Amino acid sequence: MMNYIWSGIILLSVVYSLFTGGAAALTNSVMEGAKSALALIAATAGMMCFWSGIMEIAQSSGITSAVSRLFKPVYRLLMPDLADNEEISSAVSMNVSANLLGLGNAATPLGLRAMSLMHAENGANSASNSMVMFVVLNTASLQLVPTTVAVLRAENGSTDPMGIITNVWLCSAAALIVGICSAKLLENRRGRL
Amino acid sequence: MNIGIYVIPVVLTIIIGTGIIKHLPVFELFLKGARQGIASVFKIIPSILALVCAVTMLRSSGLLDALISLASPLLEPLGFPPELLPLSLLRPVSGSGSLAVLNDIYKNYGADSFIGKAASVMMGSTETTFYAIAVYFGSVGISKTRHTVPCALMADFTGMVMAVLSSRLF
């Protein structure tokens, strides 16, 4: 998919600028873009490294598993058919708590493990209700501290880079509620969707 | 009411404090994690480079503005800023692509403008939906994802509409 999106953006830009006589500006923008890509990396890299260092401490000190214990009752409600399976429930709740803390690197392997355990349990080639719920949770942004966005805001002259955080929590919560409710509502529907 | 300025100090205190209480080698752990962080930064450089260049070209060719003004008669009556359309289309598909568009928005409209703020909230409250679906279901070889895509997209849509609404209100 990215093959088409990326080449589409570039080729359409080229064609459009040829028709509007902006070829010189387009040539400059390639070089400008390459430079600002590295500026973007430079701006965010330090904080990304710092944050993943801090989160390594969080994981070793058991904060991730403490958060995942908090999540357990909610999880039983969302995926009732798997509540008795200790192995799956711990993989699922560890994945969710890693997502909350913004530990993308840790969340994905835990999530993949949860998926393969769920797949082993039901064995079908179609997704189970719990699988759908779990993936919907992973497509929602659970991350509590939006560090990359804040750093990029600071880099672009924001006077209050973290000022967006209450709005982010509000919107994430709204999106999450809609995701969970629609997954619950649609789970009994049969057929193509 | 500005919780934002307290989040990082509080998180740092809780995490480092817990580590010290549990007698963990916090400094070594930090270095280990930061080293992994460098590795993931290196991993995303090529895709960031590819997409920032593409988005910069889209902006400077004038095509982005043309598309925005083309969409505005449709979106403006709904109260949705057409400047945010590119971000909302790319966000579910590509993490690097949406970061590139976000950066472009900050440079053009300012990070503290209404557009910049709504874009920040949109970026912070949604995820790379299609990527996550592909990775998770792909890993177990399931292609019948049933209601996953509609539910995830409804959630994204809610996040995006709420991002605009909440930025207007607060």
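From a predicted model like this one, the values you see are computed outputs, not experimental measurements. These numbers come from the heavy atoms of this one structure, side chains and all, not from hydrogens, waters or symmetry mates.
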Would a distance-only check, ignoring hydrogens and angles, find a side-chain to backbone donor-acceptor pair under 3.5 Å from A:R153 to A:M162?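 No, the answer is negative, given that no donor and acceptor are paired below the 3.5 Å cut-off.
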Which portion of [X] sits near chain A, non-hydrogen atoms under 4.5 angstrom:
| X | value |
| --- | --- |
| B:T126 | backbone |
| B:K22 | side chain |
| B:L24 | side chain |
| B:F137 | both |
| B:V140 | both |
| B:L169 | neither |
| B:V11 | side chain |
| B:I21 | neither |
| B:T128 | neither |

Hey, any chance A:L110 and A:L78 share a hydrophobic cluster, counting ILVMFWY side chains that come within less than 4.5 Å of each other, even indirectly?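 No, A:L110 does not connect to A:L78 through the hydrophobic network.
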Honestly curious: do A:I5 and B:L85 fall in one hydrophobic cluster under the side-chain, below-4.5 Å linking rule?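 A:I5 and B:L85: one cluster.
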Given side chains that start at C-beta, do those of A:L101 and A:Q143 come closer than 4.5 Å, heavy atoms only?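 Side chain of A:L101 against side chain of A:Q143, heavy atoms only: no contact under 4.5 Å found.
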Candidate pair B:K117 and A:N167, rule side chain to side chain contact (heavy atoms under 4.5 Å, CB included), full reasoning: CA-CA 10 Å; B:K117 197 178 169 193; A:N167 289 25; 4.0 Å; yes
Can you tell me if CH2 on A:W169 sees more than 12 non-hydrogen neighbours from other groups inside 6.0 Å?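 Correct, the count exceeds 12.
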